[in-house]
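Written out below as structure tokens is the structure these notes cover.
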2 protein chains.
Amino acid sequence: MTHDGRNDVLRPFPDQRHDHDACRSEALAQVVAACAERGLRLTPLRRRVLELIWSSHTPVKAYDLLDRLRREHAAAAPPTVYRALEFLVEQGFIHRIESLNAYIGCSEPEQAHQGQFLICDSCGDAAELSDPDIAAVLRRKAEMLGFQLDVCTVELKGRCARCETAAG
Amino acid sequence: MTHDGRNDVLRPFPDQRHDHDACRSEALAQVVAACAERGLRLTPLRRRVLELIWSSHTPVKAYDLLDRLRREHAAAAPPTVYRALEFLVEQGFIHRIESLNAYIGCSEPEQAHQGQFLICDSCGDAAELSDPDIAAVLRRKAEMLGFQLDVCTVELKGRCARCETAAG
DNA sequence: GCTATAGATGTAATAATATAACATTTGCAA
DNA sequence: TTGCAAATGTTATATTATTACATCTATAGC
Ligand SMILES: [Zn+2]
Ligand SMILES: [Zn+2]
Ligand SMILES: [Zn+2]
Ligand SMILES: [Zn+2]
């Protein structure tokens, strides 16, 4: 695992100067590949919504996407955005952050999965974990209670290391 | 820990026939005590909203509360409900379920805390855990990443043991 | 008991988030 | 080609939540 600020599991928050074009294009390429493999249509609209979501590591709200989309696509309306979001979420290409009513690109879109999210109250960025220990303890507790577990929503708010350092 | 269907940590979902009046009145009494201790005003409106939330173990939506409130209090409007909810959430007397936009009574309101929730997709009931193992693993992971953890949202969806059994 | 004040509630309007319903267009397979 | 299913366009509406300002109420200090 490298220390380039993107891939190290111990540093899921990207640093300020990382090559974000690389983040975006890597994610896009993985999604393009997954669509080809699954026989799905990544239409220009869906692709554009995904690109807009990947414009940063900060979760994006549906109506912010709509505003940006309208600049280049006058016909865009709420269903335009919500349909694209529905497709992208269903396929695991993005995740919805329930506590923010917002959406973020999935860092491992090749196969759908449930992540956990760290969300910085200070800079707004969010980072995805796919932590097996967290998943395991939740599975174990559910099982002990006879609860047939389906969806796990884990959203952790606080301050990221970068902001914590900056604040002194 | 008894096996009366309410208190056993291994069976956080109440059974169908439990004495729910006891759930509600116990919660109310604890909240009354906490308000007295903290010098807070549990006004008739706040108290009534809390009672309505405690009418079941299913998370309640703000506008459903509003509808019920209006039957007995014609002046009720959205801010009436949202202000009461804000007070109750701030004090830890209820919790907000982010993934449902709904509210549920806290099972341990004496001191504010963060719980985890199991939510049954079948019957709609939710059960609160205050599981130290879950809390610990989240704290540990956040710490490893230099993330200053503040709020943990853990909401687990699936099917409760009761519904699982009923479905065969 | 007054009365000033802070907190709680009333009231109207609107913002923010999301979906329903039906028409039209497009891509693709028979 | 032509027919169908999927995607998008279009309009309207549902749901969730907040802002702003007016009024009322409990109570602490006089
Ligand atoms: Zn990046
Ligand atoms: Zn930050
Ligand atoms: Zn009960
Ligand atoms: Zn159930």
Side-chain angles (χ1 to χ4, degrees), chain A residues 31-32 34-36 38-53 58-91 93-104 124 153 155, chain B residues 31-32 35-36 38-53 58-91 93-104 119 124 153 155:
Chain A
V31 167
V32 166
C35 285
R38 299 176 204 171
L40 300 172
R41 291 172 58 192
L42 187 66
T43 62
L45 216 39
R46 290 167 173 178
R47 184 191 168 98
R48 188 64 187 131
V49 168
L50 183 59
E51 285 171 356
L52 289 172
I53 289 172
T58 298
V60 187
K61 307 203 137 230
Y63 276 75
D64 289 345
L65 282 171
L66 179 54
D67 288 344
R68 295 198 230 167
L69 208 53
R70 274 209 238 257
R71 292 177 200 157
E72 55 201 47
H73 184 76
T80 314
V81 165
Y82 282 102
R83 284 166 183 156
L85 290 172
E86 181 183 36
F87 169 83
L88 295 169
V89 168
E90 268 175 13
Q91 295 304 322
F93 300 153
I94 63 174
H95 297 286
R96 175 176 162 84
I97 307 292
E98 298 292 347
S99 60
L100 298 177
N101 297 331
Y103 301 83
I104 189 168
T153 299
E155 300 175 3
Chain B
V31 167
V32 166
C35 284
R38 298 176 204 170
L40 300 172
R41 291 172 58 192
L42 188 65
T43 61
L45 216 40
R46 290 169 173 176
R47 185 191 168 97
R48 187 64 185 131
V49 167
L50 182 60
E51 285 172 356
L52 290 171
I53 289 173
T58 298
V60 187
K61 306 204 137 228
Y63 275 75
D64 290 344
L65 282 172
L66 178 54
D67 287 344
R68 296 199 230 166
L69 209 53
R70 274 207 238 259
R71 290 178 203 159
E72 55 201 50
H73 184 76
T80 313
V81 166
Y82 281 103
R83 284 166 183 156
L85 291 172
E86 181 183 36
F87 168 83
L88 295 168
V89 168
E90 269 175 12
Q91 295 302 322
F93 299 153
I94 63 174
H95 297 286
R96 176 178 161 85
I97 307 292
E98 298 291 347
S99 59
L100 298 176
N101 297 330
Y103 302 82
I104 189 169
I119 302 154
T153 299
E155 298 175 4

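Chain A is the first sequence line, chain B the second, and so forth, proteins listed ahead of strands; every chain is numbered from 1.
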Inset, instruction - Would you give a per-nucleotide map of nucleotides 16-30 of chain C, 5' to 3', where B means the base has a protein non-hydrogen atom under 4.0 Å away, S means only the sugar-phosphate does, and - means neither? - result: -BBBBB-----S---
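When the P atom of D/dT8 is taken as reference, atom CD of A/Glu86 falls 12 Å away, rounded to whole Å. Rounded to a whole Å, the CG atom of A/Leu85 is 12 Å from the P atom of D/dT8. Residue B/Leu69 contributes atom CG, which lies 13 Å from atom P of C/dT11 at whole-angstrom precision. Distance B/Leu65 CG to D/dT16 P: 11 Å, rounded to the nearest Å.
Looking at heavy atoms from C-beta onward, B/Leu52 lies out of side-chain contact with B/Asp64 at the 4.5 angstrom threshold.
No donor-acceptor pair closer than 3.5 Å links the side chain of B/Glu155 to the backbone N or O of A/Thr153. Side-chain N or O atoms of A/Lys61 include none that pairs as donor or acceptor with a backbone N or O of A/Tyr103 at under 3.5 Å.
For the atom pair CD1 (B/Ile94) and CZ (B/Phe87), the distance works out to 10.0 Å, reported to the nearest 0.5 Å.
Using a 4.0 Å cut-off on heavy atoms, none of the residues of residues 42-52 of chain B approach DNA chain D.
Remark: B/Glu98 engages B/Arg96 in a salt bridge (Lys or Arg N to Asp or Glu O under 4.0 Å) (not counting sequence neighbours). Taking A/Arg47 as the reference, A/Glu51 meet the side chain to side chain donor-acceptor pair (under 3.5 Å) condition, with sequence neighbours excluded. Residues satisfying the side chain to side chain donor-acceptor pair (under 3.5 Å) criterion with A/Thr58, sequence neighbours excluded, are A/Asp125.
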Can you list, pair by pair, the side-chain donor-acceptor contacts under 3.5 Å of residues 68-82 of chain A, counting residues two or more places apart and other chains?
residue	atom	partner	partner atom	Å
A/Arg68	NH1	A/Ser55	OG	3.0
A/Arg70	NH1	A/Ala76	O	2.8
A/Glu72	OE1	A/Arg48	NH2	3.2
A/Glu72	OE2	A/Arg48	NE	2.4
A/Thr80	OG1	A/Ala77	N	2.9
A/Thr80	OG1	A/Ala77	O	3.1

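Residue contacts shown for B/Ala77 include a base, since a base heavy atom lies under 4.0 Å away.
Between D/dG9 and A/His73, a contact under 4.0 Å exists linking OP1 or OP2 to a side-chain N or O.
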